[in-house]
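For reference, the structure is listed below as structure tokens.
Because the structure is a prediction, the values reported are computed rather than measured. Whatever order the structure lists them in is the order used to number ligands and atoms, beginning at 1.
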Amino acid sequence: MGIKKYVKKNKLLLYFVISSLINSTIIRFMLLDNSFNIRPFIIDLGFLLFISSFSYLIKEKSKIKYFTIWSIILVLICIINANYYGYYTSFASFSLLATSAFIVDVSDAVIKDVIHLKYFIFLWQLLGLFYVYRTLKKKKDLDNTKLSIKKIHKNNILRNTIIVSFILMGSMAIFIKPSEWNRLRNLWNRETVVRVFGIYVYQTDDLIQSLHPKINNLFGHDKAYKEVTQYYEENKLPKSNNEYTNIFKGKNVITIHAESIQTIAMNLTFDNQEITPNLNKLASEGIFFSNFYSQVGVGTSSDAEFTFATSLMPSSSGTVFVNYFDTEFVTIQKLLKEKNYYVASMHANNGSFWNRQVMHSNMGYDMLYDKEYFTIDETIGLGLSDKSFFKQVIPYIKDIKESNDNYYITLIMLSNHTPFDDLELTDEFNTLVDYNINGQTITANPLESTTLEKYFRLVHYADQAIGQLINDLDEEGLLDNTVIVIYGDHDARIDKEDYDLLYNYNPLTNSLYDKNDENYIEYNKYDYELDKKVPFIIWTKDNEISKEITIPTGMIDVLPTLGNMLGVYSKYSLGTDIFSIKNNDNTVIFTDGSYLTNSIYYSAQKNEIYSINNTAVEESYITKNAQKADKKIQISNDIIHFDLIKEIREKEY
Ligand code: GP9
Ligand code: MN
């Protein structure tokens, strides 16, 4: 069949392939590279031809249905991913469908932060499809008798189209590096998968990977079990014996889960005013981990709680709280319960949010005081204000103290949550800066009307709430024999542009300094990444230990470090007891395989190194650490997905 004839007989198919190809190229252009990349283009083409080939099995008249359904699916993939990326800087996953219920609860944040009109541009494909269909119908091009292809012919075209699609995809396969294949297999790094394989292959891969856990138990288990047990044989965290062992044994613990608080807020002052005077005081009086990172995945708050409690990494597919709530874990809560602690959590949101009601019980909490236990007399953002919440927890803690020798309580804050819009109850906190320009002082607000400005104001409020809580606990005698632990649960997801203003604002022009300007301060994407630190503070009223820990540390290190101080230990921990570290260095890994040490930040997304103190590092150091990071993530996933702690423990008895 000649090309002309082929085109004539396959107009719908060709429109589908070309328009889908354009959309997939647009999405990569929009979100990832501003340059054209041939690999995903050819892979997309092969993929689309593969889908289209099956239309030859369908009657001419019904083909429009086939292409409409596929077009809707592919357009939705583009729209959802573009919006999702705009918010999370990652691509959407089917395993998240289960968590969409929680997204509805933060609907305000979703509408403002997630949905952007420009990301609906992909809809043109559907309009175009109907236009093409109508034109063909008018011209009677769709008439069965005139142009229908004979059955024998159809089978040939079907076969040939499939062969061409495989040749196209296969020809690109040889240009793909082993590490990129690895990303496709593991999906820790979704950005690379989209960049290399295109959005459609990514989503297909994600669908398979999301179904994987369900099918997983039928396959893969034996291998995972072998690898995990072997890993523990070779890398088991030794029980610590250092100067911090048992120093807090028998003390009560009140842990504050500080929503979206980043360490940067503690380091800044505006108009000689600290944003977080209370946190700063606690940090200077207690043990302050100033180079501490949260290691969350898509499960944000819940992942922070999970990693804090278990010293495991969050799950790479789905979230532990939602998808693996019945898996067995060793947690700091359970370990203390074994020592007769009463263990409770308090959070003024619905108990169903992040499936806490179910998961907190699995983690060992005796009780979750959720929204039902609080009077909602004052709200900020998602619900009850932190100040009112902290007022209302005091009587509960008093009751718990009365009937228990020891207790461990987690207080989960709420007010400082994206989109940081509800400022009515917050004090005026202005972000004015005095600029000294040519000997003249100019006062200006570099953050005027930015999210970062609103964020700092809410952080200031959250800090006041913490200050108020500490005072109230003290007044009630609840600080005696008690350790206060505070952690920022994850970064606040504020755009880099806002930080650019913070560092490079020119008050004379009300814009950013040019790169060549002498006042310009280098602030690149890695500085921004490293600014995502969150505070971790361990404080007691007597200020027994006042110390700043500057080596890189992460949420995964909490159980080994704090546990050792409280006299508990989990041999399943994948983190480190920071006080047992000899060489003053530690590797903090992130859920996508990136990692941080004293000397480098390695971005797995970009496969790039950012040197922190300009020391040269050997290639072998980089790859060795990257492999270690990947291995740890894999081991953690295997433990979670196959419920291996349960199995290992059962076999031990
Ligand atoms: C909701 C709160 C927020 O209860 O913990 O969760 P997040 O959106 O930060 O994951
Ligand atoms: Mn959170």
Strictly under 6.0 Å, is that where the ring centroids of Y523 and Y503 end up?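 Yes.
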Could you tell me whether H490 approaches ligand 1 through its side chain, its backbone, both or neither, with non-hydrogen atoms closer than 4.0 Å? side chain
Does any donor atom in the side chain of H641 or S315 lie under 3.5 Å from an acceptor atom in the other side chain? yes
Without hydrogens or angle criteria, can the side chains of D592 and Q605 be said to hold a donor-acceptor pair below 3.5 Å?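 On atom types as modelled, these side chains qualify, holding a pair under 3.5 Å.
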Heteroatom N/O/S of T300 within less than 2.8 Å of the Mn ion (ligand 2):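 Within the cut-off used here (under 2.8 Å), T300 places no N, O or S atom near the Mn ion (ligand 2).
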With heavy-atom distances below 4.0 Å as the criterion, list the atoms of ligand 1 near [X].
X: H417; value: 3 (C), 6 (O), 7 (P), 8 (O), 9 (O)
X: N349; value: 1 (C), 4 (O)
X: H347; value: 1 (C), 4 (O), 5 (O)
X: F353; value: 1 (C), 4 (O), 6 (O)

Should Y499 and Y528 be marked as a ring pair (Phe, Tyr, Trp, His ring centres under 6.0 Å) after you check the CA-CA gap, both sets of side-chain angles, and the distance that decides it? CA-CA 8 Å; Y499 287 89; Y528 170 67; 5.7 Å; yes
Please confirm whether the backbone N or O of A462 pairs with a side-chain atom of D386, one donor and one acceptor, at under 3.5 Å? no
Of all N, O or S atoms in D489, identify the one at the shortest distance from the Mn ion (ligand 2).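 Answer by atom name: OD2.
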Counting heavy atoms only, which of L382, T300, N416, D370 comes nearest to atom 10 (O) of ligand 1?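 Considering heavy atoms of L382, T300, N416, D370, the nearest to atom 10 (O) of ligand 1 sits in T300.
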Quick one: list whatever passes salt bridge (Lys or Arg N to Asp or Glu O under 4.0 Å) with K398, sequence neighbours left out. E476
State, to the nearest 10 degrees, the angle whose vertex is the Mn ion (ligand 2) and whose arms point to OE2 of E259 and NE2 of H490. 90°
Between S302 and ligand 1, is there a nitrogen or oxygen pair with a distance under 3.5 Å?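 No: no nitrogen or oxygen of S302 is under 3.5 Å from one in ligand 1.
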Using the rule side chain to side chain contact (heavy atoms under 4.5 Å, CB included), only one of T561, T587, N586 pairs with T576; which is it?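 Going through the options one by one, the only one that passes is N586.
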